[in-house]
Amino acid sequence: MSATGYALLGFVTWTLLLLVWMEILRTQLVVTGRIPANAFTPDNAGLSPFLQRLTRAHANCIEGLPIFGGLMGVAMMTSRTGITDPLAYWFIAARLIQSAIHLASTSPNAVKARFSAFAVQMAIGLYWAVKLLVS
């Protein structure tokens, strides 16, 4: 498998792991009787700040997957992973850093660092899109 394939698999797996983590925490709240099973909101409003950040980190992955995953998918389906492979691991590293910062804090400095990690992904994605379009 190419670096692009591993990065895409990593992106999907990370997104799934965030979802599983969120659902484990929600299940604990239901099983312990702290929250009724039908009381959750999509954004986990009213729950712990961490669970709200986890929800948002997962949503960020879901929002980015069609764009960035789509670019990686196009590269793989058209046998042009030579375009995406050199930056694929940088991309997934930036995604993991963005999520980790999101989970850790919402302080102004953390938000700036999180945006920087996202900006790296946007730059890589834009580069990939242009190169895929013109090649």
Side-chain angles (χ1 to χ4, degrees):
M1 188 177 333
S2 67
T4 299
Y6 282 115
L8 181 56
L9 179 59
F11 193 172
V12 171
T13 302
W14 179 244
T15 304
L16 177 61
L17 289 173
L18 291 173
L19 177 62
V20 168
W21 190 2
M22 180 172 45
E23 293 312 316
I24 288 170
L25 295 175
R26 283 177 146 199
T27 300
Q28 288 175 336
L29 292 170
V30 171
V31 169
T32 60
R34 290 185 273 173
I35 302 286
N38 64 349
F40 293 102
T41 61
D43 61 356
N44 282 329
L47 300 180
S48 73
F50 176 79
L51 196 45
Q52 291 175 40
R53 289 192 310 274
L54 177 58
T55 303
R56 193 64 204 137
H58 174 259
N60 285 163
C61 287
I62 293 295
E63 293 162 358
L65 192 55
I67 298 165
F68 303 113
L71 290 167
M72 289 185 269
V74 166
M76 290 187 299
M77 290 183 281
T78 60
S79 299
R80 292 185 287 166
T81 56
I83 292 169
T84 52
D85 278 353
L87 295 174
Y89 292 131
W90 288 102
F91 170 83
I92 193 63
R95 169 55 60 176
L96 294 172
I97 290 167
Q98 177 190 356
S99 294
I101 294 168
H102 207 148
L103 295 172
S105 176
T106 57
S107 73
N109 285 337
V111 171
K112 290 174 190 173
R114 189 175 82 219
F115 178 76
S116 296
F118 182 60
V120 167
Q121 295 165 72
M122 288 190 300
I124 290 170
L126 186 59
Y127 172 79
W128 285 345
V130 168
K131 294 294 270 185
L132 288 166
L133 283 168
V134 299
S135 69

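- By the ring-ring contact (aromatic ring centres under 6.0 Å, His included) test, Trp21 is found to be paired with Phe50, residues two or more places apart in sequence or in another chain being considered.
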Using atom types as modelled, flag every donor-acceptor pair under 3.5 Å from a side chain in residues 36-43 to any protein atom, sequence neighbours excluded.
{"unit_1": "Thr41", "atom_1": "OG1", "unit_2": "Asp43", "atom_2": "OD1", "d": "2.7"}
{"unit_1": "Thr41", "atom_1": "OG1", "unit_2": "Asn44", "atom_2": "N", "d": "3.3"}
{"unit_1": "Thr41", "atom_1": "OG1", "unit_2": "Ala45", "atom_2": "N", "d": "3.0"}
{"unit_1": "Asp43", "atom_1": "OD1", "unit_2": "Ala45", "atom_2": "N", "d": "3.0"}

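- Looking at every heavy atom in both residues, Gln98 comes nearest to Phe118 through OE1-CD1, 3.7 Å.
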Determine all donor-acceptor pairs shorter than 3.5 Å in which one atom belongs to a side chain in residues 122-135; sequence neighbours excluded.
{"unit_1": "Ser135", "atom_1": "OG", "unit_2": "Arg80", "atom_2": "NH1", "d": "2.7"}
{"unit_1": "Ser135", "atom_1": "OG", "unit_2": "Lys131", "atom_2": "O", "d": "3.1"}

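- In terms of heavy-atom proximity, Leu71 sits nearest to Thr84 at O-CG2, 4.5 Å.
- Between Leu29 and Leu51, some side-chain heavy-atom pair lies under the 4.5 Å cut-off.
- Rounded to the nearest 0.5 angstrom, Leu103 CG and Arg53 CZ are separated by 7.0 Å.
- In the hydrophobic clustering, where aliphatic and aromatic side chains (Ile, Leu, Val, Met, Phe, Trp, Tyr) are joined below 4.5 Å either directly or transitively, Ile101 groups with Ile97.
- Rounding to the nearest 0.5 Å gives a distance of 9.5 Å between OG1 of Thr55 and CG of Leu19.
- Side-chain contact check for Leu25 versus Met22: every heavy-atom pair is 4.5 Å or farther apart.
- To the nearest 0.5 Å, the span separating CZ on Arg26 from CZ on Arg34 amounts to 14.0 Å.
- Of all heavy-atom pairs between Ile92 and Gly10, the closest is CD1-C, 3.8 Å.
- Other members of the cluster containing Val111 do not exist, because no ILVMFWY side chain is joined to it at under 4.5 Å.
- Atom OG of residue Ser99 and atom CZ of residue Arg56 lie 11.0 Å apart, to the nearest 0.5 angstrom.
- Rounding to the nearest 0.5 Å gives a distance of 9.0 Å between CD of Glu23 and CG of Leu54.
- Cluster membership for Leu18 and Ile62, using ILVMFWY side-chain heavy atoms within less than 4.5 angstrom, is not shared.
- Between Ala7 and Ala88, the shortest heavy-atom contact is CB-O, 3.5 Å.
- Using modelled atom types, one side-chain atom of Thr4 and one backbone atom of Asp85 make a donor-acceptor pair closer than 3.5 Å.
- Hydrophobic cluster membership for Ile24: Leu16, Val20 (Ile, Leu, Val, Met, Phe, Trp, Tyr linked by side-chain heavy atoms under 4.5 Å, directly or transitively).
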